[in-house]
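Each remark here refers to the structure printed beneath this line.
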Amino acid sequence: MFELINSIFFGLIILIPLANPITTVALFIALSKNMTKQNKNRQAFLASVYIFFIIVISFYFGQFIMKTFGISIPGLRVAGGMIVAYIGFKMLFPASKSDSSSSSSFNNIAFVPIAMPSTAGPGTIAMVISLASTVSSGQSDTPSWIIYISSIAVPLILSVIIWLSLRSADSIMKIFGENGVDAISRIMGFLLVCMGTQFIINGIKEIIVNFPN
């Protein structure tokens with residue numbers, strides 16, 4: 001039992017910094033400022049469900065999916081970076097309030113960008129696939145029953161943490177007010193553009209390094 005607890009704890013220690021709940025909450029606040037409370041709660045719940053399935057599927061089928069479609073980790077990073085940068089630009093330069101489409105720009109944010117790539121992004125997916133490859137190659141001495149339980153328990157606990165964090169967004173919004181949330185939105189937009197650009201740079205660097213001579 002101690003080994004199981006240790007395995008779950010180790011998994012959370014690895015994934016929580018990559019998932020970065022604080023950044024995810026800030027992004028959720030910025031994107032959900034015009035939503036009703038009911039819609040916010042629904043998006044928070046859906047995001048946590050998506051995060052769970054993304055991580056579990058990445059662990060069990062990530063290598064197979066990437067090989068089948070010819071997707072590399074650098075390619076995943078570049079694609080994720082483009083998505084993050086695009087969302088960042090929309091937050092940094094929002095449409096005018098008179099634009100009728102602006103109120104519905106971010107009505108469905110649970111999967112993109114909250115679950116992916118904000119929480120279960122290229123870094124998280126790459127780490128999960130790497131851990132799975134270590135297990136499948138027999139390099140891990142951990143008993144298989146612990147691996148199977150941990151592979152479900154870790155993403156489940158992480159999803160609950162994210163869900164509870166996102167549910168607190170309303171309280172945080174009351175503290176900052178409308179102007180504060182608008183400022184957070186623009187700051188997060190700028191940071192997302194930077195993060196997206198860095199994802200793309202890292203992906204291109206990996207491509208160059210691994211490019212056959």
Side-chain angles (χ1 to χ4, degrees), residues 8 11-12 15-59 79-80 82-125 128 151-193 195-196:
I8 293 173
L12 289 172
L15 291 185
I16 286 177
L18 290 170
N20 202 343
I22 296 175
T23 301
T24 302
V25 170
L27 180 61
F28 185 79
I29 290 173
L31 295 179
S32 65
K33 59 183 178 182
N34 295 322
M35 291 183 183
T36 63
K37 185 175 182 179
Q38 183 180 5
N39 197 14
K40 288 178 187 176
N41 291 340
R42 183 171 182 273
Q43 294 296 310
F45 174 74
L46 287 175
S48 63
V49 172
Y50 291 145
I51 290 164
F52 172 79
F53 281 109
I54 289 170
I55 294 175
V56 171
I57 290 172
S58 296
F59 185 84
M82 291 172 66
I83 294 171
V84 169
Y86 170 73
I87 294 168
F89 272 116
K90 292 193 72 172
M91 292 172 64
L92 189 58
F93 305 106
S96 62
K97 292 184 178 180
S98 59
D99 187 350
S100 59
S101 65
S102 63
S103 60
S104 60
S105 295
F106 295 112
N107 279 338
N108 297 295
I109 61 174
F111 190 79
V112 177
I114 299 300
M116 193 172 85
S118 177
T119 307
T124 305
I125 293 173
V128 171
S151 65
I152 300 298
V154 171
L156 181 61
I157 294 171
L158 178 63
S159 298
V160 171
I161 291 172
I162 297 295
W163 177 67
L164 292 174
S165 300
L166 296 180
R167 291 273 296 190
S168 68
D170 271 347
S171 301
I172 299 172
M173 284 184 71
K174 289 177 182 177
I175 296 172
F176 287 100
E178 186 176 346
N179 291 333
V181 171
D182 185 63
I184 291 174
S185 178
R186 292 178 184 273
I187 292 171
M188 283 305 302
F190 175 71
L191 291 176
L192 285 177
V193 171
M195 288 168 58

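Here the structure is a predicted model, which means the values were calculated and not measured.
When all heavy atoms are compared, the tightest approach of Ala19 to Thr124 is N-OG1, 4.1 Å. Here the closest heavy-atom approach between residue Val154 and residue Gly11 is recorded as CG1-C, 3.9 Å. The two residues Val193 and Gly88 come nearest to each other via the heavy atoms CG2-C, 3.6 Å. Minimum heavy-atom separation, Ala153 to Ile8: CB-CD1, 3.8 Å.
Separation of atoms CG (Asn108) and CG (Leu46) is listed at 8.5 Å; rounding is to 0.5 Å. In this structure, the separation between CD1 on Ile29 and OG1 on Thr24 is 11.0 Å, given to the nearest 0.5 Å. The CZ atom of Phe52 sits 15.5 Å away from the CH2 atom of Trp163 when rounded to the nearest 0.5 Å. Taken from CD1 in Ile54 to CZ in Phe111, the straight-line distance is 4.5 Å, to the nearest 0.5 Å. Between the CD1 atom of Ile55 and the CE atom of Met116 there is a distance of 12.0 Å, given to the nearest 0.5 Å. Residue Ile162 holds its CD1 atom at 14.5 Å from CZ of Phe45, rounded to the nearest 0.5 Å.
A donor-acceptor pair is defined here as one N or O able to donate and one able to accept, closer than 3.5 Å; no such pair exists between the side chain of Ser32 and the backbone of Met35. Checking side-chain atoms of Thr119 against main-chain N and O of Ile51 turns up no donor-acceptor pair under 3.5 Å. Checked by atom type and distance alone, the side chain of Ser118 never pairs as donor or acceptor with a backbone atom of Ala115 at under 3.5 Å. Within the 3.5 Å criterion, the main-chain N or O of Val160 finds no donor-acceptor partner in the side chain of Ser48.
By the side-chain hydrogen bond (donor to acceptor under 3.5 Å, both in side chains) test, Arg167 is found to be paired with Asn41, residues two or more places apart in sequence or in another chain being considered.
Within the 4.5 Å cutoff, side-chain heavy atoms of Gln43 are placed close to those of Phe28. Between Leu31 and Pro113 there is a side-chain heavy-atom pair separated by less than 4.5 Å. For the pair Ser151 and Val56, the minimum side-chain heavy-atom distance is 4.5 Å or more. Residues Tyr86 and Leu192 are not in side-chain contact: their nearest non-hydrogen atoms beyond the backbone lie 4.5 Å or more apart.
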- Task: Apply side-chain contact (heavy atoms from CB on, under 4.5 Å) to the pair Ile187 and Leu92, showing each step before the final yes or no.
- Result: CA-CA 7 Å; Ile187 292 171; Leu92 189 58; over 6 Å; no

